[in-house]
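First the structure, in the form of structure tokens, and then the observations on it.
What you are looking at is a predicted structure, and each value in this text was computed from that prediction instead of being measured.
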Amino acid sequence: QTRDFSLIGELVSEFASVSYSLTGVATVDNRNVWTCGTNGRVWYTSDGGANWTEITLPGSDGSGLTDVVTTDGQTVWVSGRNGQLWRYTK
């Protein structure tokens, strides 16, 4: 199986002007992508990056997130700097 990684370049461009860093990216396919950042937020796109939805995790309080993982595109696991772990389902 091969993947089109051009979406990752578009993702970097989309978030290039923000004052925080992206720390995790999880792709399901070339349209469904989850990402997280050092500002405690998670973003999701289902249209290949044309539109992004920002998600605030309860209790994250802007703390840095370190990674995001999904296997089905519906449920994600997100880890935080201080050992926190969140499960989020769309």
Interatomic spacing from CG in Asp47 to CG in Asn30 - rounded to 0.5 Å: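 These two atoms lie 11.0 Å from each other.
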Straight-line distance of Trp43 CH2 to Ile55 CD1, nearest 0.5 Å: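 Atom-to-atom, Trp43:CH2 and Ile55:CD1 are 10.5 Å apart.
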For residues 34-43, pull every pair meeting salt bridge (charged side-chain N to carboxylate O under 4.0 Å, His left out), keeping only residues two or more places apart or in separate chains.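 Residue pairs passing salt bridge (charged side-chain N to carboxylate O under 4.0 Å, His left out), neighbours aside: Arg41-Glu54.
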Who passes side-chain hydrogen bond (donor to acceptor under 3.5 Å, both in side chains) against Tyr44, sequence neighbours left out? Asn32, Lys90
Could you pull out the closest heavy-atom pair between [X] and [Y], with the gap in Å?
X     : Y     : answer
Thr35 : Val68 : CA-CG1, 4.0 Å
Asp67 : Gly24 : OD1-CA, 3.7 Å
Leu65 : Gly40 : CD1-C, 3.5 Å

Who are the side chain to side chain contact (heavy atoms under 4.5 Å, CB included) partners of Thr89, not counting sequence neighbours?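 In terms of side chain to side chain contact (heavy atoms under 4.5 Å, CB included), with neighbours along the sequence ignored, Thr89 is linked to Thr75, Arg87.
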Side chain to side chain contact (heavy atoms under 4.5 Å, CB included) involving Thr70 - partner list, sequence neighbours excluded: Ala26, Val28, Trp34, Asp72, Val76
Which side-chain hydrogen bond (donor to acceptor under 3.5 Å, both in side chains) pairs, counting each pair once, include a residue from residues 76-86, with sequence neighbours left out?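 Non-adjacent pairs meeting side-chain hydrogen bond (donor to acceptor under 3.5 Å, both in side chains): Thr66-Ser79.
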Can you confirm whether Tyr88 sits close enough to Leu57 that some side-chain heavy atom of one is under 4.5 Å from a side-chain heavy atom of the other? yes
Please check if the side chain of Thr45 supplies one atom and the backbone of Val33 the other of a donor-acceptor pair under 3.5 Å. no
